[in-house]
Amino acid sequence: INLQGCDASILLDESTTIESEKSALPNVNSVRGFEIIDKAKAAVEKVCPGVVSCADIVAVAARDASFAVGGPSWTVKLGRRDSTTASKSSANTDLPLFTDDLQTLISRFNNKGLTARDMVTLSGAHTIGQAQCFTFRGRIYNNASDIDAGFSSTRQRGCPLSSSTTNDQKLAALDLVTPNSFDNNYFKNLIQKKGLLQSDQVLFSGGSTDSIVSEYSKNPTTFKSDFAA
Ligand code: HEM
Ligand SMILES: [Ca+2]
């Protein structure tokens, strides 16, 4: 596995030698909170210059963010080295898309050494956070059988059918029940056909991962400990 761009992060900005992964299609305008990582890095640099990598800061911040919103904690081994290169083209070819079907999601994760179960577990991070209208518009307007009708009308109200910069960027919670806490509602939503992204709902759509979603919907403790692992 070729880890680039600060060890699996996308922090590196565009320069003469770096094609930033921030502007790769699956990332552009999507990741929020860079200023938080910048602040942590500045504070650490102040007391201990040139020692702690950005990759370590991202890994610790992810752990602490999980714990802060009621999720699990885990030990983070430190000493990651920051990459000095990035690859916008592998970001574009390797990252999962919100339109991916189940088989595609499974193989994209497999390509990085992660199992189908890992993929479902990690998708549970969508128990918090938000998505822009353009990522779920297709799903909420196509009257498909894999979406709850009441849920589509609710989401349609905040995400107009017509595309414009303002409309495309309107945000909706990935987990409609508890958007700000780390729990297993994401999986309960999928069972009720209330997954926001197509790539969320395919995890419970009559395929091989239905049983994992059911398991996590009934057992938050298993979800949290699998996520931590
Ligand atoms: C399974 C494949 C995945 C796909 C297709 C996917 C796709 C997306 C998309 C389209 C958004 C909305 C971005 C935006 O419009 O601003 C999003 C948000 C988010 N994703 Fe994923 N994601 C996946 C897996 C993951 C994993 C593995 C994690 C972490 C373990 C994760 C954590 C998040 C978080 C926390 C947000 C909310 C960000 C915010 O509110 O600022 N996702 N994801
Ligand atoms: Ca939640």
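First listed ligand is number 1; within each ligand, the first listed atom is number 1.
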Original post:
Quick check: does Thr127 have an N/O/S atom under 3.0 Å of the Ca ion (ligand 2)?
Top reply: yes
Original post:
Taking atom 7 (C) of ligand 1 as the point of reference, which of Leu197, Leu122, Asp100 owns the nearest heavy atom?
Top reply: Leu197
**OP:** Would you indicate which of Leu174, Thr99, Val28 comes nearest to atom 18 (C) of ligand 1 when only heavy atoms are counted?
**Re:** Leu174
**OP:** Measure the distance from atom 13 (C) of ligand 1 to every protein heavy atom, then report the residue, atom name and distance (to 0.1 Å) of the closest one.
**Re:** Ser30 CB, 3.8 Å
Original post:
Where is the nearest protein heavy atom to atom 3 (C) of ligand 1: which residue, which atom, and how far?
Top reply: Pro96 CG, 3.9 Å
**OP:** Mark yes or no for whether Glu21, through its side chain, and Leu12, through its backbone, hold a donor-acceptor pair below 3.5 Å.
**Re:** no
Subject >> Distance filter under 4.0 Å to Ala125 heavy atoms, resulting ligand 1 atoms >> reply: 28 (C), 29 (C), 30 (C), 31 (C), 32 (C)
Subject >> Evaluation steps, side-chain contact (heavy atoms from CB on, under 4.5 Å), between Glu215 and Arg117 >> reply: CA-CA 11 Å; Glu215 180 188 354; Arg117 186 177 174 92; 3.0 Å; yes
**OP:** Considering the heavy atoms of Ala131, write down every atom of ligand 1 situated less than 4.0 Å from one of them.
**Re:** 12 (C), 14 (C), 15 (O)
Original post:
Is Lys22 reaching over with its side chain to a backbone N or O of Glu14, donor-acceptor style, under 3.5 angstrom?
Top reply: no
Original post:
With a 4.0 Å cut-off on heavy atoms, does Phe134 reach ligand 1?
Top reply: no
Original post:
What are the atoms of ligand 1, with element, lying closer than 4.0 Å to any heavy atom of Thr135?
Top reply: 10 (C), 15 (O)
Original post:
Counting each atom of ligand 1 from 1 as listed, which ones have a heavy atom of Ser199 under 4.0 Å away?
Top reply: 5 (C)
Original post:
Considering only heavy atoms from C-beta outward, does the side chain of Val120 approach that of Ser123 to under 4.5 Å?
Top reply: no
Original post:
Is a donor on one side and an acceptor on the other found under 3.5 Å between the side chain of Thr104 and the backbone of Asp100?
Top reply: no
**OP:** Specify which N/O/S atom of Asp183 comes nearest to the Ca ion (ligand 2), by atom name.
**Re:** OD1
Original post:
Would Arg80 and Asp56 count as a salt bridge (charged side-chain N to carboxylate O under 4.0 Å, His left out) if you check the C-alpha gap in whole Å, the side-chain angles of each, and the deciding distance to 0.1 Å?
Top reply: CA-CA 6 Å; Arg80 286 168 189 73; Asp56 275 348; 3.0 Å; yes
Original post:
For Asp175, what is the atom name of its N, O or S atom nearest to the Ca ion (ligand 2)?
Top reply: OD2
Original post:
Got an N, O or S from Ser181 under 3.0 Å of the Ca ion (ligand 2)?
Top reply: yes
Original post:
So, Thr115 and Asp118: side-chain donor and acceptor under 3.5 Å apart, yes or no?
Top reply: yes
Subject >> Cluster link Tyr186 to Leu102, ILVMFWY, side chain under 4.5 Å >> reply: yes
Original post:
To the nearest 0.1 Å, how far is atom 1 (C) of ligand 1 from its closest protein heavy atom, and which atom is that?
Top reply: Ser123 OG, 3.4 Å
Original post:
Tell me: protein heavy atom nearest atom 15 (O) of ligand 1, and distance?
Top reply: Gln132 N, 2.8 Å
Original post:
Between Arg32, Gln169, His126, which one has a non-hydrogen atom sitting closest to atom 17 (C) of ligand 1?
Top reply: His126
**OP:** Could you find the nearest protein heavy atom to atom 40 (O) of ligand 1 and give me its residue, atom name and distance?
**Re:** Gln130 N, 2.8 Å
**OP:** Indicate whether the side chain of Ser163 and that of Asp168 have a donor and an acceptor atom separated by less than 3.5 Å.
**Re:** yes
Subject >> Thr127 side-chain N/O to Phe182 backbone N/O, donor-acceptor pair under 3.5 Å >> reply: no
Original post:
Within the stated cut-off of 3.0 Å, is an N/O/S atom of Asn184 closer than that to the Ca ion (ligand 2)?
Top reply: no
Subject >> Distance flag, aromatic centroids of Phe98 and Phe136, threshold under 6.0 Å >> reply: no
